[in-house]
Amino acid sequence: MLACTGGGGDTDTTGGTGSPGTMPGATEGGTPGTTTDDPPTTGGPTAPTGTDGTTAASDTTPPATTTDGTTGDPPDPNELGGFFRRGINIGVRNPNFPDPDGAWLAGQVGCNSIRVSLPERHLVTWGYDIEVSDVDAYAGMGLDRHIAFLTSPIAEHSSAPDGTPEWELAHYIPANLYEPAIVDGAINPDNYWAEYVYKTVSTYKDHVDMWEIWNEPDWVADWNYTETWDTDPPTKEQLVRFGGSIFDYVRMLRVSKEAALLADPDAKIALGGIGYPNFLDALLRYTDNPDGGAVTGEFPETGAAYFDVLNYHYYPLWTPGNSDAGADGFFATRDAFAAKMAAAGVPERPYNVTEVGAPKTALNGQPGGLEYARNFYVKVFARAQAEKFVGADWFILSDGDPGESFGEMGLYQDIKDLGKKEDATPSVTGVAAKTLNTLLADSRADPVAAAALAAPADVRAYAFRLPDDRQAIVAWAYAPGTDESAQAQFDLPTDKSFDVHAWDFSQTGTATPVSPEGGLLGLDLTASPIILVEQ
């Protein structure tokens with residue numbers, strides 16, 4: 001089936017929003033591609049601004065000796081991060097591989113979750129339970145707690161003009177969206193989107209934690225449109241991958257939340273992989289009132305009331321510099337969204353990113369390369385976990401056509417012509433991903449221990465607690481330059497001995513034991529992160 005394709009899946013192109021830091025990419029399954037003008041350069045090298053894992057410790061208890069051997073406040077178990085989604089967009093590169101084969105491959109490089117695509121036209125065509133056996137199979141492989149994106153109404157439920165090609169239905173909002181979602185305590189079948197969301201959540205709620213509403217609703221053919229969004233509402237004509245206005249997207253979020261909560265009181269609604277902070281600004285200003293988004297009795301809340309997770313997409317293709325610059329751009333984008341919420345007086349939401357990737361080849365003047373891609377993966381995923389993101393979904397499982405940036409992002413070398421999944425070969429990014437994901441499996445972020453590391457400005461170091469309470473540390477030399485040649489010396493304060501794992505540990509099986517002297521562990525770091533695991 002085609003339910004775990006990611007990046008627009010079986011209903012859309014594989015690329016990003018056309019937003020700063022994102023771009024449209026190659027197509028899947030014969031879906032026509034779309035090009036766009038290059039967006040402006042954003043998210044470039046920035047100085048660290050307190051988001052390097054060195055958060056302050058709690059002072060609610062007297063100083064004590066902590067479980068990691070340092071003197072200070074003991075770790076509060078409630079301050080340790082919870083489950084972190086090491087997700088993947090599977091894609092459909094080899095149509096002879098069913099989704100469980102793709103999930104198996106994802107598990108082999110340490111992924112524990114999937115960005116699942118459940119478009120209405122797929123579920124209506126084959127039955128709402130068509131993916132149940134597959135999703136159950138993923139859980140048996142250790143991949144669970146997914147995010148699923150909802151999109152692509154069937155033609156009969158779409159606002160698309162008659163004769164619109166089936167693949168393009170993902171670019172038009174559903175009809176009857178302004179019908180009540182719930183009538184007399186039951187879902188209203190006249191609101192097609194509400195019924196679809198209700199049925200889908202009811203069917204898959206045991207394995208899906210978050211529901212991503214649409215895919216890249218703020219995609220634009222010309223980024224200059226976005227320059228007006230701080231004061232003017234994004235229009236239907238601008239939002240060509242959504243086919244409605246910002247008021248319609250707020251309405252879609254509202255209907256989705258009402259329908260999802262009716263099916264599952266614990267359902268969480270996520271934004272649809274947005275790319276522009278100005279789009280969020282508009283979302284926070286307007287209601288679902290089609291008359292200018294004004295507040296009325298019928299339309300009492302802005303879009304802030306109708307989403308639980310701020311989910312965005314990010315690619316570093318327009319961020320000049322090395323993997324540190326690219327990773328900084330990832331978090332600068334988060335900070336830009338946070339600033340919009342703060343300015344609107346809206347409480348910050350948990351963050352998730354359903355598309356992030358970097359190419360193993362530098363193409364068209366954009367950053368990339370073997371070292372770049374593998375370093376970027378480790379830096380983004382380690383730091384995202386440390387900074388309490390819900391998770392991130394790498395784009396993509398397999399390399400695609402060469403000569404295209406999005407074809408160079410796979411965790412595996414191209415699987416298109418393989419006869420069996422066991423013949424797949426991890427790329428260098430996949431090797432690094434497996435190393436990180438395996439060593440940090442089921443770990444929790446430990447900000448108190450991270451603060452105790454006292455990393456200098458030219459070092460990034462993040463601390464984690466493994467299930468058996470041992471400590472793990474991810475560290476590297478930081479430099480916002482143009483290559484992967486950064487070096488730094490780091491005297492890590494500890495009385496513990498560690499095994500040091502390079503990025504390719506999952507391939508070599510070789511680790512180096514190290515022990516401190518005089519309470520310090522001297523580390524010679526490079527731009528390639530290392531993972532230290534307490535012995």
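Counting only distance, with no hydrogens or angles, the side chain of W211 and the backbone of V197 share no donor-acceptor pair below 3.5 Å. The main-chain N or O of G272 is never found under 3.5 Å from a side-chain atom of N311 such that the two would form a donor-acceptor pair.
Using cut-offs of 30° and 60° on the angle between ring planes, the pair W167 and H171 is perpendicular. Under the 30°/60° scheme for interplanar angles, the aromatic rings of Y312 and F330 are found to be tilted.
Of the inter-residue distances, the one linking Y196 atom OH with T151 atom OG1 reads 6.5 Å to the nearest 0.5 angstrom. Interatomic distance, K379 NZ to Y462 OH, rounded to the nearest 0.5 Å: 10.0 Å.
Applying the ring-ring contact (aromatic ring centres under 6.0 Å, His included) test to pairs two or more places apart or on separate chains, none has a residue in residues 414-444. Residue pairs meeting the side chain to side chain donor-acceptor pair (under 3.5 Å) criterion with at least one partner in residues 406-427, sequence neighbours excluded, are R93-D414, T361-E408.
V124 places a side-chain heavy atom less than 4.5 Å from the side chain of Y128. Looking at P300 and T287, their side chains never come closer than 4.5 Å, going by heavy atoms from C-beta outward. The shortest side-chain heavy-atom distance between H207 and R145 does not fall under the 4.5 Å cut-off.
In the model, T226 has no side-chain atom that pairs as donor or acceptor with a side-chain atom of N278 under 3.5 Å. Remark: the T319 side chain and the Y314 side chain contain an N/O donor-acceptor pair separated by less than 3.5 Å.
Close placement of the F395 and F406 rings is indicated, their centers lying within 6.0 Å of each other.
Around atom NZ of K205, more than 12 heavy atoms belonging to other residues, nucleotides or ligands sit under 6.0 Å away.
The existence of a salt bridge linking D209 and K268 is excluded, since no basic side-chain nitrogen approaches an acidic carboxylate oxygen closer than 4.0 Å. One finds a salt bridge joining D328 and R383 here, because a Lys/Arg side-chain nitrogen approaches an Asp/Glu carboxylate oxygen to under 4.0 Å.
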Scan the side chains in residues 253-261 for donor-acceptor partners under 3.5 Å anywhere in the protein, sequence neighbours excluded, and list what turns up.
residue : atom : partner : partner atom : Å
R254    : NE   : E258    : OE2          : 3.3
R254    : NH1  : D288    : OD1          : 3.4
R254    : NH1  : D288    : OD2          : 3.0
R254    : NH1  : E298    : O            : 3.1
S256    : OG   : W193    : NE1          : 2.8
S256    : OG   : M252    : O            : 2.6
K257    : NZ   : A305    : O            : 3.4
K257    : NZ   : D308    : OD1          : 3.2

